[in-house]
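The chains referred to below are lettered A, B, ... by the order of the sequence lines, with proteins before strands, and numbering in each begins at 1. No hydrogens, no waters, no symmetry mates; every other heavy atom, side chains included, goes into these values.
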Protein chains: 2
Amino acid sequence: MSTKSSPRAPARPRAAAPNRRERAIDLRAAGSAAAPTFKPIHTRRTFEEICERIREQLALGVLKPGDKLPAERELAQQLGVSRNVLREALRSLEMAGVLKLQKGVKGGAFIQQGDTRRMNEVMRDMLSLGTISVGELSEARVHVLDLVVRLACANARRADLDALEANIARTELATKEGRLLDRVECSREFYKLLAASTGNKVIAMIVDSVTEIHMRFVYAKVASSGVAMARLAEKRRQFLAALSDRNVTLASRLLRAHLESVQRMLEQDPGAMSLHVALADVQPGMRR
Amino acid sequence: MSTKSSPRAPARPRAAAPNRRERAIDLRAAGSAAAPTFKPIHTRRTFEEICERIREQLALGVLKPGDKLPAERELAQQLGVSRNVLREALRSLEMAGVLKLQKGVKGGAFIQQGDTRRMNEVMRDMLSLGTISVGELSEARVHVLDLVVRLACANARRADLDALEANIARTELATKEGRLLDRVECSREFYKLLAASTGNKVIAMIVDSVTEIHMRFVYAKVASSGVAMARLAEKRRQFLAALSDRNVTLASRLLRAHLESVQRMLEQDPGAMSLHVALADVQPGMRR
DNA sequence: TCCATTGAATGGGTGATCCATTTAATAATC
DNA sequence: GATTATTAAATGGATCACCCATTCAATGGA
């Protein structure tokens with residue numbers, strides 16, 4: 001990093017050693033009259049600095065999707081850090097969906113197109129950690145989907161409607177062939193397509209993050225009980241018709257009614273509603 | 001990992017070496033009749049496996065916020081991996097807000113209460129990478145805030161309204177004293193409080209992620225031009241009065257009008273609207 | 001012309017070693 | 001006895017020197 005020039009300097013001059021007591025606090029407290037808290041600081045570690053720099057280059061537009069970072073060994077030398085700590089930074093950025101690391105000659109660290117699934121992971125973590133509840137998630141989903149319906153009625157294009165139609169056909173086929181779990185996958189895709197038809201990727205991202213988790217519960221329920229929503233494709237067609245007619249009121253009412261009936265189905269058997277089951281039970285299309 | 005037992009086994013038996021060609025593909029293609037794509041696989045790396053296991057323990061409820069993981073050296077041994085690769089995993093989880101690493105004896109890796117700011121980072125990355133646009137973000141913000149107003153009218157409690165009132169007082173003071181940038185901070189807090197008054201943390205998280213970025217633009221604009229929204233506190237009070245009266249229509253109209261006027265202010269000077277400036281220009285309260 | 005071989009670049013992973021910080025136990029001082 | 005330095009151990013932070021596996025272009029033989 002910038003704080004290190006000689007490659008073999010043993011001591012890394014870290015952010016202001018917090019060894020001196022009273023005097024230091026006095027000095028800083030004098031700086032701003034109304035700042036009684038002194039917690040943060042949180043000595044910067046090199047990998048954080050590296051992450052930040054790369055993100056800075058991204059925000060500045062110096063780095064763009066598709067670009068390749070220098071090879072690990074070279075970049076480590078340029079930054080004056082060990083390869084290991086550089087890798088910690090690259091790893092973090094990879095997990096964040098910013099980078100993709102590829103092996104082999106001609107491999108390297110490539111800036112990615114943003115991965116919208118990352119928001120799903122955030123939601124999952126928040127749920128796992130108990131920061132948010134299933135109830136809040138469900139409620140948010142209902143409200144956001146209501147918003148989506150209104151926007152979709154206003155903005156959905158022919159291609160969007162066709163995609164939804166094709167999705168319903170797949171749902172129908174899965175139902176006919178008894179592939180109930182595939183049908184759950186179709187449902188998730190349905191909401192994804194619906195959200196996409198708003199033409200707003202931010203909203204689409206939000207919807208998918210919230211839908212992904214919801215569908216895990218549905219999946220767990222269907223897998224354990226074998227019970228599934230009746231007349232699903234039919235209801236979808238009614239909804240799509242309303243959407244095609246740009247009938248906001250009807251479309252909104254139909255979707256809301258459907259969401260409520262699904263909720264009732266889920267709540268029938270609280271045992272299958274276990275957070276742990278739903279979050280742990282991954283399936284092909286639902287892995288992160 | 002489970003795939004390694006001897007501590008000095010040189011070759012790590014990674015996921016099925018993809019060396020054999022036709023035969024392997026034939027075999028797998030025979031498995032599912034309608035699966036023509038063979039891209040994924042993406043050989044699992046140990047750090048991914050570690051992250052997944054820890055997240056699994058979280059989802060299962062075995063690990064809870066406040067818990068401490070074994071020390072790096074010990075955990076690495078338990079998992080049968082090197083300390084370096086374990087650290088890559090812990091780093092990633094720390095960046096994800098799942099863990100916090102603390103130094104010193106009695107230090108270690110502690111499971112955190114979920115950090116809702118992580119969603120902000122996702123939004124920022126998506127914007128930096130060009131996956132979403134400022135326009136989509138603004139649009140989403142307007143719609144989500146409209147939803148928030150409706151929910152807040154229904155659910156806001158006395159304490160929420162008091163907090164908003166106190167925030168407006170701070171805004172007023174900052175205006176009086178000419179601290180325009182502090183006032184921007186107040187604005188961000190206002191929306192945070194408003195979102196919190198819905199009683200739904202999922203929605204609050206979404207609002208804040210979208211507000212944080214918006215406020216960066218406002219901040220950059222105010223900092224560069226010295227121009228600031230007129231009669232801000234007054235407008236806020238009118239809005240709060242409507243909210244207190246549970247007058248959804250009026251509150252919604254007032255907020256919408258305000259958002260539009262802010263938008264006009266921002267668009268006056270497209271030069272100050274640079275994405276790069278806004279994203280790079282961090283400020284005390286707005287750092288990640 | 002085509003296919004196998006080779007070799008270099010690159011990410012993936014390991015183990016040993018050191019540093020800096022933190023805390024508790026201990027010793028020294030008042 | 002209470003307070004204050006000192007010490008020692010545990011822990012994360014970081015480095016170095018290797019080695020392996022994968023990939024792909026260059027090479028060379030059939």
Side-chain angles (χ1 to χ4, degrees), chain A residues 1 3-4 6-22 41-51 68-77 79-95 99-110, chain B residues 1 3-22 41-51 68-77 79-94 99-110:
Chain A
M1 313 306 323
T3 54
K4 185 178 180 185
S6 154
R8 198 42 183 128
R12 169 173 298 279
R14 197 54 73 239
N19 281 356
R20 52 279 198 295
R21 293 285 154 67
E22 350 64 34
I41 296 192
H42 179 246
T43 46
R44 267 262 265 284
R45 291 160 296 179
T46 51
F47 91 98
E48 289 178 298
E49 184 112 17
I50 297 173
C51 283
K68 190 176 103 166
L69 262 46
E72 288 184 357
R73 292 163 175 84
E74 188 190 344
L75 186 52
Q77 197 176 18
L79 293 169
V81 301
S82 76
R83 204 185 142 206
N84 282 334
V85 76
L86 172 64
R87 298 185 92 234
E88 289 178 10
L90 296 181
R91 277 286 127 82
S92 299
L93 290 172
E94 188 184 24
M95 292 306 268
L99 293 180
K100 171 97 175 286
L101 303 186
Q102 277 175 329
K103 289 214 302 195
V105 57
K106 294 293 169 190
F110 296 87
Chain B
M1 312 306 319
T3 54
K4 186 178 178 185
S5 51
S6 154
R8 198 42 181 128
R12 169 174 299 279
R14 197 52 76 244
N19 281 355
R20 51 281 199 293
R21 293 282 154 66
E22 351 63 35
I41 296 190
H42 180 248
T43 48
R44 266 264 266 282
R45 290 161 297 180
T46 51
F47 90 97
E48 288 179 297
E49 184 112 18
I50 297 172
C51 283
K68 190 176 104 168
L69 263 46
E72 288 185 357
R73 291 164 176 83
E74 188 189 344
L75 186 52
Q77 199 177 16
L79 292 170
V81 300
S82 76
R83 207 184 141 205
N84 282 328
V85 75
L86 171 65
R87 300 186 91 235
E88 289 178 8
L90 295 181
R91 277 285 127 82
S92 298
L93 290 172
E94 189 184 23
L99 293 180
K100 171 97 176 285
L101 303 186
Q102 277 175 330
K103 290 213 303 196
V105 57
K106 293 292 169 190
F110 295 87

Original post:
Run the salt bridge (Lys or Arg N to Asp or Glu O under 4.0 Å) check on A/R91 and A/E94 step by step: do they pass?
Top reply: CA-CA 5 Å; A/R91 277 286 127 82; A/E94 188 184 24; 3.7 Å; yes
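- Nucleotides of DNA chain C nearest to B/G104 and A/G104 differ in position, and the one nearer the 5' end is that of A/G104.
- For the pair B/E72 CD and C/dG15 C1', the interatomic distance rounds to 15 Å; values are reported in whole Å.
- As rounded to whole Å, 13 Å separates atom P of D/dC16 from atom CG of A/L79.
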**OP:** Applying side-chain contact (heavy atoms from CB on, under 4.5 Å), run through A/L69 and A/L90 and close with a yes or a no.
**Re:** CA-CA 10 Å; A/L69 262 46; A/L90 296 181; 4.0 Å; yes
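- Nearest-nucleotide mapping onto DNA chain C: of A/N84 and A/A71, the residue sitting toward the 5' end is A/A71.
- Applying the side chain to side chain donor-acceptor pair (under 3.5 Å) test to A/Q102 and every residue at least two apart in sequence or in another chain returns nothing.
- Residue B/R83 places a side-chain atom within donor-acceptor reach of the base of D/dG13, judged by atom type and a 3.5 Å distance cut-off alone.
- Nucleotide D/dA10 holds its C1' atom 12 Å from the CD atom of B/E74, rounded to whole Å.
- Atom pair B/K106:NZ and C/dT23:P shows a separation of 10 Å (rounding to whole Å applied).
- D/dG13 atom P lies 13 Å from atom CD1 of A/I50, rounded to whole Å.
- Counting atom types as modelled, A/R73 pairs a side-chain N or O with a base atom of C/dG11 as donor and acceptor under 3.5 Å.
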